[in-house]
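Written below as structure tokens is the structure these notes are about.
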Amino acid sequence: HLYGPDFTPINLVGLPPSAVSEVMNHPSAGGSRYLLLARAGKTYINEWSLDSWLSGLGLELIAIEEPEAKRMSGILQIGLEYDTVEGARQAAADFNRDFGWYMKAHQSGICVDLVAAGVDKGEGLALLMEIKGWQPEVVLTLGDSENDLSMLSRYHGYAMENSPDEVIRVSRAVIPSPASLLLSRA
């Protein structure tokens, strides 16, 4: 999502109010360690698990109970974490099958993120470039998962070594780390 110089949201495309309740009630949500809800400037979490990778990020997460979560509006993204990559892959497929007409599930490792259908990083970056007056040749993109595909293919980006084959296919080259790419361009 894009924010202006004063950190006010620009062009935020949210999920409909029913999305949180529908995802929470879906059988595939039952295997998740948590439910993360992102709104402009705030992140809420339901069912926190200390063994989650989130615990080491230092994010300010606001605890929220299920009834309150189901009534929230203005949600931009729903995040879930599973015990296995296969569990996340299956959940993403289930969510896309059942809700794909209005939201898209992106699986990356053990995580699944749901956003409004039609929202993608390629379009977001195009809007940011237009706002900032940037030319494509000054933009460097890299990614490692399905939700990076539109950005990588549109701007000839780089894939991380751990990327799925589909991400590698649309990328200019494969790199071991962001630092290695930056050092090679110095």
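Keep in mind that what you see is a predicted model, and the values were worked out from it rather than measured. In this chain, residues are counted from 1 in sequence order.
- The closest side-chain heavy-atom distance from L128 to W134 is below 4.5 Å.
- Looking only at distances, a side-chain donor or acceptor of S32 sits under 3.5 Å from a matching main-chain atom of E81.
- The backbone N or O of G122 sits less than 3.5 Å from a side-chain atom of S150, completing a donor-acceptor pair.
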Using atom types as modelled, flag every donor-acceptor pair under 3.5 Å from a side chain in residues 62-72 to any protein atom, sequence neighbours excluded.
| unit_1 | atom_1 | unit_2 | atom_2 | d |
| --- | --- | --- | --- | --- |
| E66 | OE2 | K70 | NZ | 2.9 |
| K70 | NZ | N25 | OD1 | 2.7 |
| R71 | NH1 | P67 | O | 3.2 |

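- When side chains are defined from C-beta on, T84 does not count as touching I110, because their heavy atoms never get closer than 4.5 Å.
- Every side chain to side chain contact (heavy atoms under 4.5 Å, CB included) that S180 has, sequence neighbours left out, goes to I175, P176, S177.
- Within the 4.5 Å cutoff, no side-chain heavy atoms of L15 are placed close to those of V115.
- Looking at heavy atoms from C-beta onward, L35 lies out of side-chain contact with I45 at the 4.5 angstrom threshold.
- Scanning for side chain to side chain contact (heavy atoms under 4.5 Å, CB included) contacts around T141 gives L125, V139, M151, L152, Y155, with sequence neighbours left out.
- For the salt bridge (charged side-chain N to carboxylate O under 4.0 Å, His left out) test, residues two or more places apart in sequence or in another chain that qualify with E146 are K104.
- Listed by first and then second residue, the salt bridge (Lys or Arg N to Asp or Glu O under 4.0 Å) pairs that reach into residues 154-179 are E123-R154, sequence neighbours excluded.
- Annotation for D148 and G143: closest pair OD2-CA, 3.3 Å, computed over non-hydrogen atoms.
- In this structure, the side chains of L181 and L140 come closer than 4.5 Å at one or more pairs of heavy atoms.
- Between G100 and A117, the closest heavy-atom pair is O-CB, 4.3 Å.
- In terms of the side chain to side chain contact (heavy atoms under 4.5 Å, CB included) criterion, residue partners of S163 (sequence neighbours excluded) are, by chain and number, D144, A159, M160, V167, I168.
- Here CG of D113 is found 4.0 Å from CD of Q77. Values are rounded to the nearest 0.5 Å.
- Sparse packing is recorded around CD of E130, with 12 or fewer heavy atoms of other residues, nucleotides or ligands lying under 6.0 Å away.
- Taking 4.5 Å as the limit, some side-chain heavy atom of T43 sits within range of a side-chain heavy atom of L36.
- Scanning for side-chain hydrogen bond (donor to acceptor under 3.5 Å, both in side chains) contacts around H26 gives D98, with sequence neighbours left out.
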Throw together a table of side-chain donor-acceptor distances under 3.5 angstrom for residues 87-96, partners on residues two or more places apart or in other chains.
| unit_1 | atom_1 | unit_2 | atom_2 | d |
| --- | --- | --- | --- | --- |
| R89 | NH1 | E86 | OE1 | 3.0 |
| Q90 | NE2 | D94 | OD1 | 2.8 |
| D94 | OD1 | R97 | NH1 | 3.2 |
| D94 | OD2 | S28 | OG | 2.7 |
| N96 | OD1 | A105 | N | 2.7 |
| N96 | ND2 | A92 | O | 3.3 |
| N96 | ND2 | A105 | O | 3.1 |

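- Between L80 and L114 the shortest side-chain heavy-atom distance falls below 4.5 Å.
- The side-chain heavy atoms of Q107 and N147, taken from C-beta on, include no pair separated by under 4.5 Å.
- Considering all non-hydrogen atoms of both residues, Y102 and A19 come closest at OH-CA, 3.7 Å.
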